[in-house]
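As structure tokens, the structure follows; a few thoughts come after it.
Both ligands and their constituent atoms are indexed starting at 1 by order of listing.
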Amino acid sequence: MATFEVYGGKPLKGELHPQGAKNEALQIICATLLTAEPVTIKNIPNIRDVNKLIELLQGMGVEVQRHSSSECTFRAKNVDVEYLTTNDFKVKAAAIRGSIMVVGPLLARYGRAYAPKPGGDKIGRRRLDTHFLGFQKLGATFNFDTRENFFTLEGKNMQGAYMLLDEASVTGTANILMAAVLTPGTTTIYNAACEPYLQQLSKMLVSMGAKISGIGSNLLTVEGVESLGGCTHAILPDMIEIGSFIGLAAMTASNITIRNVSYPNLGIIPDSFRRMGIEFEVIGDDIHIPPQEHYEIDTFIDGSILTIADAPWPGLTPDLLSVFLVVATQAKGSVLIHQKMFESRLFFVDKLIDMGAQIILCDPHRATVIGHDRNMKLRPTVMTSPDIRAGVALLIAALSAEGKSVIHNIEQIDRGYENIDGRLNAIGADIRRIE
Ligand SMILES: CC(=O)N[C@H]1[C@@H](OP(=O)(O)OP(=O)(O)OC[C@H]2O[C@@H](n3ccc(=O)[nH]c3=O)[C@H](O)[C@@H]2O)O[C@H](CO)[C@@H](O)[C@@H]1O
Ligand SMILES: C=C(OP(=O)(O)O)C(=O)O
């Protein structure tokens, strides 16, 4: 278990370049399984989860040519589907959430697929019903071995169908979409998730020859085609990382420019930070956050306490609520953070309370934060990162606290943030990695 020693209390100054989006990369890499032709992907983040998925594909026989740390060409010419029944696959696939998205492409191309219950953050129940009910609608059958936690799927004669998803699942929509593009007939997916991750996946599939309409909406219509070809695809900057940097800048009163953010793809994220009182300028495609001594949380029009809650896109992503929560601890005013989607993602507030934050955990989904308006700085402490986003929120807290904090289990942060210590140290942070 690796650790960060963080010597906080210093404002940072400089430029940050966001990495490619983790959640988009996981979908896009799985989509390379849909064709025997080469697919080149640019702006791949060099992070644990993505590297593990690439290894998984190599295990299946996909040829991967690395041109640089962020660009690879994938060629899924000879895929060994039986590899998915091996222990090696089961162990590796169970370590990441993204592995579940190999199922859709394999089912469509080879008529069968296997998957262990995937890993990812332990942030509450993470059911997969949407994925499997969708495959079932296309005519696939599945069996879930509860003892082994292992899914087996057959889909030799799948046929396009209409489906109304039971929830707008991000990975579920991606998985069904990837199956539908090679399934004969028309598939209509209503209540589809439509995050930029899915818009990007859809655009990539279209450039491979797929027929998809409704991209960017919650109603996707797919005309199945017989085969797909290769393409080149560039991954968008990671909107969660960009949001994390905005929160970091505000909390540490730093002067930070985030370069090339693809602003139109950030949706409601920038305005949500503005409601927290954080000022920033958009210059071209960069976001500049000047040092701010005070930031004051807005109220609703009637003067009642602001709620920051997650919702499927174009609502606010749940992956940034931990960052909003930590930022609120030094704001002027109060906010209710309502994490509707996940039930175990707010427990890390215990650590912030230890550091001196004023937070009331109302229930597993809701926390009220009463900001200090910087009248009391957070105190440094020793903590353990429970999940990727709580991990980064604790890192932000530690960077704002004067003195030495220790964060254990930073593998969680490394799952989704590329060389975060190196990049923040380059603009004035003092983070030491102890392996
Ligand atoms: C690898 C990847 O891409 N992971 C992301 C993906 O996970 P993932 O695709 O696993 O998450 P889902 O979209 O399936 O659902 C996440 C949770 O939200 C609940 N839910 C979902 C939709 C809805 O309309 N109502 C609702 O309550 C689900 O029951 C589940 O508990 O999407 C999540 C939700 O944005 C993000 O947190 C994850 O970072
Ligand atoms: C929950 C997340 O990731 P995963 O779905 O991979 O666990 C996240 O990125 O915040």
Side-chain angles (χ1 to χ4, degrees), residues 19-31 45 47-53 56 93-104 115 117-134 164-178 189-201 218 235-236 238-244 267-269 309-325 338-346 348 364-365 385-393 411-418:
Q19 67 186 29
K22 157 182 159 286
N23 290 346
E24 179 186 333
L26 296 171
Q27 299 187 7
I28 296 298
I29 290 169
C30 290
I47 52 177
R48 282 173 81 94
D49 275 26
V50 165
N51 291 333
K52 281 186 181 170
L53 183 65
L56 211 61
I96 51 172
R97 187 79 187 157
S99 61
I100 193 66
M101 291 182 290
V102 304
V103 169
K117 212 167 168 207
D121 272 343
K122 304 285 174 271
I123 46 185
R125 290 188 305 157
R126 302 193 69 177
R127 62 195 182 84
L128 292 165
D129 302 46
T130 310
H131 301 235
F132 291 99
L133 296 176
L164 170 54
L165 303 187
D166 68 334
E167 59 179 20
S169 166
V170 172
T171 51
T173 303
N175 228 347
I176 296 164
L177 179 64
M178 289 189 278
I189 311 171
Y190 193 22
N191 198 23
C194 56
E195 276 72 3
Y197 315 134
L198 280 148
Q199 300 177 28
Q200 286 285 102
L201 172 68
N218 68 351
I235 294 173
L236 282 177
D238 196 319
M239 62 179 180
I240 314 296
E241 196 184 61
I242 293 163
S244 308
I268 206 169
I269 294 170
D310 56 351
W313 192 269
L316 185 63
T317 164
D319 297 346
L320 273 174
L321 290 197
S322 309
V323 172
F324 278 94
L325 193 150
H338 193 165
Q339 170 70 252
K340 295 183 183 172
M341 294 195 195
F342 296 103
E343 62 233 354
S344 314
R345 224 175 185 181
L346 292 183
F348 80 103
H365 288 277
S385 169
D387 68 70
I388 171 177
R389 308 303 170 189
V392 94
E411 286 80 3
Q412 279 297 338
I413 304 177
D414 289 336
R415 280 185 50 214
Y417 294 83
E418 179 176 330

Practice item. Using the side chain to side chain contact (heavy atoms under 4.5 Å, CB included) rule, take Phe342 and Leu321 through it: C-alpha gap first, then chi angles, then the decisive distance, then the call. Key: CA-CA 11 Å; Phe342 296 103; Leu321 290 197; over 6 Å; no
Pick whichever of [options] has a heavy atom sitting closest to [atom].
| atom | options | answer |
| --- | --- | --- |
| atom 8 (P) of ligand 1 | Ile100, Thr317, Thr171 | Thr171 |
| atom 5 (O) of ligand 2 | Arg126, Met341, Arg415, Arg345 | Arg126 |
| atom 30 (C) of ligand 1 | Gln339, Glu167, Arg97, Lys22 | Glu167 |

Heavy atom of the protein closest to [atom] (residue, atom name, distance):
| atom | value |
| --- | --- |
| atom 11 (O) of ligand 1 | Arg126 NH2, 4.4 Å |
| atom 12 (P) of ligand 1 | Ser169 OG, 3.7 Å |
| atom 6 (C) of ligand 1 | Val170 CB, 3.8 Å |
| atom 5 (C) of ligand 1 | Asn23 ND2, 3.5 Å |

Point to revise | Heavy atom of Ala168, distance to ligand 1 below 4.0 Å | key: yes
Check your understanding: Between Ile388 and Ile413, is a side chain to side chain contact (heavy atoms under 4.5 Å, CB included) present by the stated rule, with each step listed?
Key -> CA-CA 5 Å; Ile388 171 177; Ile413 304 177; over 6 Å; no
Give the numbers and elements of all ligand 2 atoms closer than 4.0 Å to a heavy atom of [X].
| X | value |
| --- | --- |
| Lys22 | 2 (C), 3 (O), 4 (P), 6 (O), 8 (C), 9 (O) |
| Arg97 | 4 (P), 5 (O), 6 (O) |
| Asp319 | 8 (C), 9 (O), 10 (O) |

Expected output: side-chain [X] to main-chain [Y] donor-acceptor under 3.5 Å:
| X | Y | answer |
| --- | --- | --- |
| Glu24 | Leu236 | yes |
| Asp238 | Gln19 | no |
| Arg97 | Thr171 | no |

So which of [options] actually passes side-chain contact (heavy atoms from CB on, under 4.5 Å) with [X]?
| X | options | value |
| --- | --- | --- |
| Phe132 | Asp129, Thr130, Leu128 | Leu128 |
| Gln27 | Leu201, Ile235, Leu177, Thr173 | Leu201 |
| Leu320 | Val392, Ile242, Ile240 | Ile240 |

Under a 4.0 Å heavy-atom limit, does [X] contact ligand 1 with its side chain, its backbone, both, or neither?
| X | answer |
| --- | --- |
| Gln27 | neither |
| Met341 | both |
| Tyr197 | neither |

With atoms numbered from 1 as shown, which atoms in ligand 1 lie under 4.0 angstrom from a non-hydrogen atom of [X]?
| X | result |
| --- | --- |
| Leu26 | 1 (C) |
| Asp319 | 36 (C), 37 (O), 38 (C), 39 (O) |
| Phe342 | 16 (C), 17 (C), 37 (O) |
| Pro318 | 34 (C), 35 (O), 37 (O) |

Point to revise | Electrostatic pair Lys340:Asp310 at N-O distance under 4.0 angstrom | key: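 A salt bridge is absent here (no side-chain N lies under 4.0 Å from a carboxylate O).
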Review point. Is any side-chain heavy atom of Arg389 closer than 4.5 Å to a side-chain heavy atom of Tyr417?
Key: yes
Check your understanding: Do the side chains of His131 and Val103 get nearer than 4.5 Å, heavy atoms only?
Key ->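 With C-beta onward as the side chain, the pair stays apart.
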Point to revise | Contact check: Arg389 vs ligand 2, nitrogen or oxygen atoms, below 3.5 angstrom | key: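 Arg389 vs ligand 2: N/O contact under 3.5 Å present.
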